[in-house]
Undergrad: 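One structure, pasted below without further comment.
Sequence lines set the chain letters: A, B, ... in the order given, protein chains first and strands last, and positions in each chain run from 1. The basis for the numbers below is simple: all heavy atoms, side chains too, and nothing from hydrogens, waters or symmetry mates.
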Protein chains: 2
Amino acid sequence: MTENPRRAPTGAAVLRPQITSAISEAVLEELAERGYARLSMEAVARRAGVGKSALYRRWPSKQDMVLAVLAEFSVSPEEVPATGSLRADLLVMVRSVHGWLTHPLFATILPDLTAEAVRNPVLAAAIRAAIGEPRRGLAARVLRRAVARGELPADLDVDLALDLLAAPVYWRLSVRHAPVEPDYLERLVELILRALDARPAPGGGSPG
Amino acid sequence: MTENPRRAPTGAAVLRPQITSAISEAVLEELAERGYARLSMEAVARRAGVGKSALYRRWPSKQDMVLAVLAEFSVSPEEVPATGSLRADLLVMVRSVHGWLTHPLFATILPDLTAEAVRNPVLAAAIRAAIGEPRRGLAARVLRRAVARGELPADLDVDLALDLLAAPVYWRLSVRHAPVEPDYLERLVELILRALDARPAPGGGSPG
DNA sequence: TCGGGACGATACGGTACCGTCCCATCCATG
DNA sequence: CATGGATGGGACGGTACCGTATCGTCCCGA
């Protein structure tokens with residue numbers, strides 16, 4: 001029953017969202033250009049065209065600021081592809097990963113945060129929650145649906161299969177920095193289908 | 001025919017190798033603990049127990065110092081596994097990768113340098129030359145030998161196959177930071193064998 | 001025997017950020 | 001139309017490195 005003796009702030013005395021989003025954008029750009037380790041509060045403020053005070057008024061530290069921005073850009077609960085065929089579903093997904101990893105900002109930010117996460121458990125957890133788990137959950141649903149349709153064996157090792165799905169594209173783009181030729185993703189999907197022992201689809205031909 | 005008017009430095013007036021290796025070790029440890037971006041010459045000197053001058057006497061910059069250390073630790077022209085069977089060869093190789101990526105120093109350094117390489121082409125080239133190409137060349141020889149033995153189809157997509165071989169282990173250990181259960185590597189090799197359409201081995205039964 | 005450059009140590013001026021603090025200004029709302 | 005906290009700007013002292021320079025010491029090999 002403690003009545004607040006102070007009236008709530010109103011008017012201009014309230015955090016302005018457009019300032020917040022200008023900061024977010026600046027953080028992403030600085031992350032891409034300089035990386036997490038070199039990112040400085042002063043540079044972010046400079047780039048966003050705001051005072052340092054605007055930053056410290058919102059977050060107590062660089063880590064909290066980056067975490068907030070990261071949460072903002074978490075992978076949306078994107079719809080599970082429902083093309084009806086496993087092959088097409090997989091293609092949609094690897095193309096989505098490819099899209100992420102060729103985005104001018106994220107292509108640089110993701111490897112950087114990944115490296116930083118080794119030393120920073122809080123950051124690691126945030127990345128997992130914002131990006132890793134949503135994507136992985138989505139892919140898992142696609143695989144389980146294919147099992148239900150009889151396109152994949154019932155004893156499918158989902159955990160291993162998920163690794164196989166995301167790893168090669170990340171490896172090629174973000175680690176090796178090698179080009180992805182136009183048909184690379186199609187060929188990859190064919191290999192994965194074979195690795196997972198996928199059967200055509202509906203009728204259920206019984207394999208040897 | 002210009003005779004050197006100055007006699008060559010001898011005795012104690014020569015770079016002492018044990019100092020150089022103390023620095024190398026310190027660089028690796030600093031890289032692991034703080035990362036390339038945060039690595040400072042002063043911290044390296046401090047940790048190695050040498051003066052800053054010892055560093056600058058050897059290399060003009062942090063980048064050159066790291067490149068030199070990196071070249072020192074380049075992957076040795078390790079022998080190609082020759083177990084006779086593709087399955088066993090692959091197992092040797094994924095276990096080797098697993099060993100690298102669980103090494104206390106390299107497990108942290110590699111993702112860090114990988115991220116830095118996005119912004120630093122010189123570093124990227126050095127990594128490729130010291131680590132990427134040797135490993136990839138070795139794996140390629142193993143695959144081509146298996147083709148010659150008839151264990152793999154003649155039209156094997158070697159480039160894609162190599163991605164499939166290294167990517168999942170890196171993905172799981174260095175990106176997802178997920179544990180690798182005892183039999184994970186075996187299960188992975190089975191999946192890869194199926195993906196590559198591997199046939200048993202010697203006799204050469206002709207498939208469909 | 002002794003020359004000469006590496007060695008550790010440290011001082012140097014300079015730059016970049018940190019996080020705090022203070023300011024005059026602004027402004028939507030109660 | 002008064003309010004009260006956000007706003008950009010920037011001063012502040014403090015820390016950490018940079019890369020250079022200058023010591024006196026050390027010691028192997030010519």
Undergrad: Going by number, which of residues 21-38 of chain A have a non-hydrogen atom under 4.0 Å from DNA chain C?
TA: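 Contacts with DNA chain C under 4.0 Å: A:Arg34.
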Undergrad: Return the minimal non-hydrogen interatomic distance between B:Ala48 and B:Ala22, and the atom names on each side.
TA: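 Looking at all heavy atoms of both residues, the shortest contact is CB-O, 3.7 Å.
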Undergrad: What pairs with B:Val92 under side-chain contact (heavy atoms from CB on, under 4.5 Å), at least two apart in sequence or on another chain?
TA: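 side-chain contact (heavy atoms from CB on, under 4.5 Å) list for B:Val92, sorted by chain: B:Pro81, B:Thr83.
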Undergrad: Quick check for you: to the nearest 0.5 Å, what is the distance between A:Leu110 atom CG and A:Leu173 atom CG?
TA: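 It is 11.5 Å, given to the nearest 0.5 Å.
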Undergrad: Parallel under 30°, tilted from 30 to 60°, perpendicular over 60°: which one fits the rings of A:Trp100 and A:Phe106?
TA: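 Rings of A:Trp100 and A:Phe106: parallel, as their planes differ by under 30°.
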Undergrad: Could you pull out the closest heavy-atom pair between B:Asp163 and A:Arg172, with the gap in Å?
TA: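 That would be OD2-NE, 2.6 Å.
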Undergrad: Could you go through nucleotides 11-14 of chain D and list every protein N or O atom that sits under 3.5 Å from one of its N or O atoms, giving the distance for each pair?
TA:
none

Undergrad: Could you tell me how far apart A:Met41 (CE) and C:dC21 (C1') are, to the nearest whole angstrom?
TA: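 Spelled out: CE on A:Met41 to C1' on C:dC21 is 16 Å.
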Undergrad: May I have all residue pairs that pass salt bridge (Lys or Arg N to Asp or Glu O under 4.0 Å) and include part of residues 82-94 of chain B, sequence neighbours excluded?
TA: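 As it turns out, the salt bridge (Lys or Arg N to Asp or Glu O under 4.0 Å) pairs with a partner in residues 82-94 of chain B, which skip direct neighbours, are B:Arg87-B:Glu190, B:Asp89-B:Arg145.
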Undergrad: Who are the ring-ring contact (aromatic ring centres under 6.0 Å, His included) partners of A:Tyr170, not counting sequence neighbours?
TA: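 So A:Tyr170 forms a ring-ring contact (aromatic ring centres under 6.0 Å, His included) with B:Trp171.
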Undergrad: A:Arg47 and side-chain hydrogen bond (donor to acceptor under 3.5 Å, both in side chains): which single residue from A:Glu29, A:Glu42, A:Glu25 fits?
TA: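 Testing A:Arg47 for a side-chain hydrogen bond (donor to acceptor under 3.5 Å, both in side chains) against A:Glu29, A:Glu42, A:Glu25 leaves exactly one candidate, A:Glu29.
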Undergrad: Using a heavy-atom distance cut-off of less than 4.0 Å, which residues of residues 53-68 of chain A contact DNA chain C?
TA: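 A:Tyr56 - these, ordered by number, are the residues of the stretch whose heavy atoms sit under 4.0 Å from the strand.
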Undergrad: In whole angstrom, give the distance that lies between atom CD1 of B:Ile19 and atom P of C:dG5.
TA: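 Rounded to whole Å, this separation is 18 Å.
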Undergrad: Does a donor on one side chain sit under 3.5 Å from an acceptor on the other, for A:Ser40 and A:Arg34?
TA: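 Looking only at side-chain atoms, A:Arg34 and A:Ser40 do not form any donor-acceptor pair under 3.5 Å.
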Undergrad: For A:Val94 versus A:Leu165, what's the shortest heavy-atom pair and its separation?
TA: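 That would be CG1-O, 3.9 Å.
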Undergrad: Using a cut-off of strictly less than 4.0 Å, decide whether B:Arg16 has a side-chain nitrogen or oxygen near OP1 or OP2 of C:dG5.
TA: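 It does not, given that no N or O in the side chain of B:Arg16 lies less than 4.0 Å from OP1 or OP2 of C:dG5.
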Undergrad: Please give, in whole Å, the distance from D:dG8 C1' to A:Arg47 CZ?
TA: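 To the nearest whole Å, that distance equals 19 Å.
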